[in-house]
There are 2 protein chains.
Amino acid sequence: MGITLKELAQSLGLSPTTVSRALNGYPEVNEDTRWRVMEAARKLNYRPNTRAKSLATGRAQAIGHVIPISDQHEIVNPVFADFIAGAGESYARAGYDMTISVVADDEEAQVYRDLVGRGSVDGLIVHAPRQMDPRIPLLRDLGIPFLVHGRSSGVNQPYSWLDINNRRGFARATEFLLDLGHRRIGFVNGIEVMDFAIRRRSGYLDALAGRGVRADPALMVSAEMTETNGYRAARRMLALPDPPTAFLVSSMLLAIGVRHALWDAGLHMGRDVSVITHDDDLSYLKNGDAVPLFTATRSSIREAGRQSADMLLDLVSNATEPPLTRLLEVDLIIGESTGPAPQRQKDSA
Amino acid sequence: MGITLKELAQSLGLSPTTVSRALNGYPEVNEDTRWRVMEAARKLNYRPNTRAKSLATGRAQAIGHVIPISDQHEIVNPVFADFIAGAGESYARAGYDMTISVVADDEEAQVYRDLVGRGSVDGLIVHAPRQMDPRIPLLRDLGIPFLVHGRSSGVNQPYSWLDINNRRGFARATEFLLDLGHRRIGFVNGIEVMDFAIRRRSGYLDALAGRGVRADPALMVSAEMTETNGYRAARRMLALPDPPTAFLVSSMLLAIGVRHALWDAGLHMGRDVSVITHDDDLSYLKNGDAVPLFTATRSSIREAGRQSADMLLDLVSNATEPPLTRLLEVDLIIGESTGPAPQRQKDSA
DNA sequence: ATCAAACCCCAAACCGTTTTGGATGATGGG
DNA sequence: CCCATCATCCAAAACGGTTTGGGGTTTGAT
């Protein structure tokens, strides 16, 4: 591996102390000496050993992400890649490492305890929070800075989080459809143990209630967000006696499935049936090209990753700081998948 | 944080030496004492400090993944999430941490040097290799165990890798289409600086040549693997005077775009036009349900992650071992997206 | 010339483990 | 009874940095 600090010091005829100070920008070292040291360090390709450094300083210089895999579904949430890419940018900028643990959700508590107890991270990001998520009190007890991506309704103690305004976004989207004359709006949501899905549903329900439209349980589906599930949900709803004229959907993949089902049914998206989806702005799943394909509530998950990381780093360096929270609004992007509700065909025809 | 070894030793009236040995299973400690120690450790929730441990042992107990983000496209390869989930399982089993660095591809060399120089990882996984990838000689020089996910043609020195048989898979898929009578086969590939894309192309070309079918440059596209690009490529080819009757596609997302284009053109997939895609078996992008939607060359990227990690861990613990290589064959799954070539419509009609 | 304050530098302790090189006492063969 | 062996344990030295607590030299004011 590389050269060590002691060796570097020796080669310069200096003490390790001075070399360390020179490199870390302490004032009590002659500028000429500092220059010599930095030159030598560069030339000899010196890099401080991370483990030694963090042992000495007590800071791990690393942030942990625990990504849960639910046993039943065995699904890896596709947004992780982009979120992590965003967070990674922030960490790199700050000189932090990112360590990731993939873990079945029944072992999660154990993993958190381990990470903290063994001191391998200075802070943690909590992914995919559920209602009254037990991880939040756990991490609070463990006394480590953490930030939740999303929120957990039912937790009354304060904690740090970054979330998007799912409720408002989905309420607006629903109202948009109502304004276009739609009354039967199919709702294809993620699994409703996830907090975000619960909030989206209440946005949908509130908007309907606000206009006095009765919510129909037959038009509401909650499932893992895959193309197949979107397809099946839409197919089933379209087969109802009084099928929906519009769909509100929780992810692009679901929406692609819905589109597929419309196609199978010989329906034209945007004319016969409208679709609004949430769009995480994933790098590999863009919503159309110059002109957006789907009308969508959009919020970049990558940007969320960046900002979450920045907030957490802030918490880590200012231990005394009170919890930070940030609520990002979502944009409503008008695409080609929505249009006025078609004239109601009287069944009595 | 947690309790320290010294404290644990003190509370037991033993020396740190003995406690360390007891916990690590060394023979020179009385079994009664060992039992006392382990009990106390459990009760006091002792966890050895990772950084101190690895400083003392010289092993980081961590594997690094460097995931490159290409400047121009800013795309995060969607397979990373699943690959990492698979690798994570292996690391967890072996007690290793996984550290991930997201980095623009022009800074990659620097990041590798850093990771190795600062001793923060014991081994590295190289993602998304290109032709004559400079990272391979670099890592060889740095003298750290590494494993390439994929291969890099043009590198003549031996190195460890795990790859799927892209060439054979795509050759077989092409032959399958030829057997069905297709002669105009559109090829929608990933960007052909990636080694896997190059191999797939040669599989396609070889199969065509083997049957004496002339490859038409107008039927070959190379682009980032997104739905939009699949859509555009297929749309363009379908507009040709002599359009393809089949498509061979490099990813599910591309294939979904192709399907979309077929739909727009009023063509029925599997009857009017056939489609074969490669399927990484991503957890969130399943190829249909019970019955596969697309005919596909399938290979689980998650399994690749598991096996890659296992191989790398093997290399890490046996430093002297010669390079390991593993070539996984891909399955050809027959779905509903392929069928016999339609009768040639004579233009002179 | 004197003395305090800057300025620069260093030796040594420390972070929490593992590991080396004994030390101690019990055991057992001759 | 003596001495080698074995079973158990421990003190101290690593690992590679940072940080504490000085200690010489200059500098500058008196």
Side-chain angles (χ1 to χ4, degrees), chain A residues 1-38 40-41 44-62 95 97 114-122, chain B residues 1-38 40-41 44-62 95 97 114-122:
Chain A
M1 267 179 18
I3 190 184
T4 166
L5 180 73
K6 207 181 297 178
E7 293 164 0
L8 176 60
Q10 217 145 24
S11 87
L12 279 161
L14 288 170
S15 77
T17 309
T18 306
V19 174
S20 170
R21 297 198 140 137
L23 292 174
N24 291 318
Y26 283 75
E28 55 267 86
V29 46
N30 190 306
E31 279 310 316
D32 289 357
T33 329
R34 187 193 305 281
W35 194 85
R36 273 178 56 218
V37 170
M38 309 218 26
L44 295 178
N45 233 301
Y46 168 74
R47 280 180 182 76
N49 181 297
T50 319
R51 302 194 300 284
K53 182 167 192 160
S54 65
L55 179 57
T57 59
R59 281 163 276 131
Q61 292 281 92
D97 286 337
D114 260 31
L115 283 171
V116 176
R118 307 170 30 171
S120 24
V121 297
D122 297 324
Chain B
M1 268 179 16
I3 190 185
T4 166
L5 179 72
K6 208 180 298 178
E7 292 163 2
L8 176 58
Q10 216 144 23
S11 87
L12 281 161
L14 288 171
S15 77
T17 309
T18 306
V19 175
S20 170
R21 297 198 140 135
L23 292 174
N24 292 318
Y26 282 75
E28 55 266 84
V29 45
N30 189 304
E31 280 309 316
D32 289 357
T33 327
R34 187 193 305 282
W35 193 87
R36 273 178 55 218
V37 171
M38 307 215 30
L44 296 177
N45 233 300
Y46 169 73
R47 280 181 180 78
N49 181 296
T50 320
R51 302 194 299 284
K53 183 169 192 158
S54 65
L55 179 58
T57 59
R59 280 163 277 131
Q61 291 281 92
D97 287 337
D114 260 31
L115 284 170
V116 176
R118 305 167 32 167
S120 23
V121 296
D122 296 325

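Every chain is numbered from 1, with letters handed out A, B, ... down the list of sequences.
Along DNA chain C, the nucleotide nearest B:S20 and the nucleotide nearest A:A56 are compared for position; the residue whose nucleotide lies closer to the 5' end is A:A56.
Considering only side-chain N and O atoms, B:Y46 lies under 4.0 angstrom from the phosphate OP1 or OP2 of C:dT17. At the phosphate of D:dT18, OP1 or OP2 sits under 4.0 Å from a side-chain N or O atom of A:N24. Under 4.0 angstrom from either OP1 or OP2 of D:dA12 there lies no side-chain N or O belonging to B:T17.
The separation between A:Y26 atom OH and D:dT20 atom P is 8 Å, rounded to whole Å.
A:R47 contributes no side-chain N or O that, together with a main-chain N or O of B:V116, makes up a donor-acceptor pair within less than 3.5 Å. The closest donor-acceptor contact from the side chain of B:T50 to the backbone of A:R118 lies under 3.5 Å.
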Could you go step by step and tell me if B:T33 and B:R36 meet the side chain to side chain contact (heavy atoms under 4.5 Å, CB included) rule? CA-CA 5 Å; B:T33 327; B:R36 273 178 55 218; 4.2 Å; yes

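For A:E28, the side-chain atoms get nearest to C:dC8 when compared with the rest of D:dG17, C:dT19, C:dC8. Nearest nucleotide to the B:R21 side chain, out of C:dG16, D:dG21, C:dT20: C:dT20. Counting only heavy atoms from C-beta on, A:A52 has its side chain closest to D:dG17 among D:dG17, D:dC9, C:dT18.
Side-chain contact check for B:V37 versus B:L23: some heavy-atom pair is nearer than 4.5 Å.
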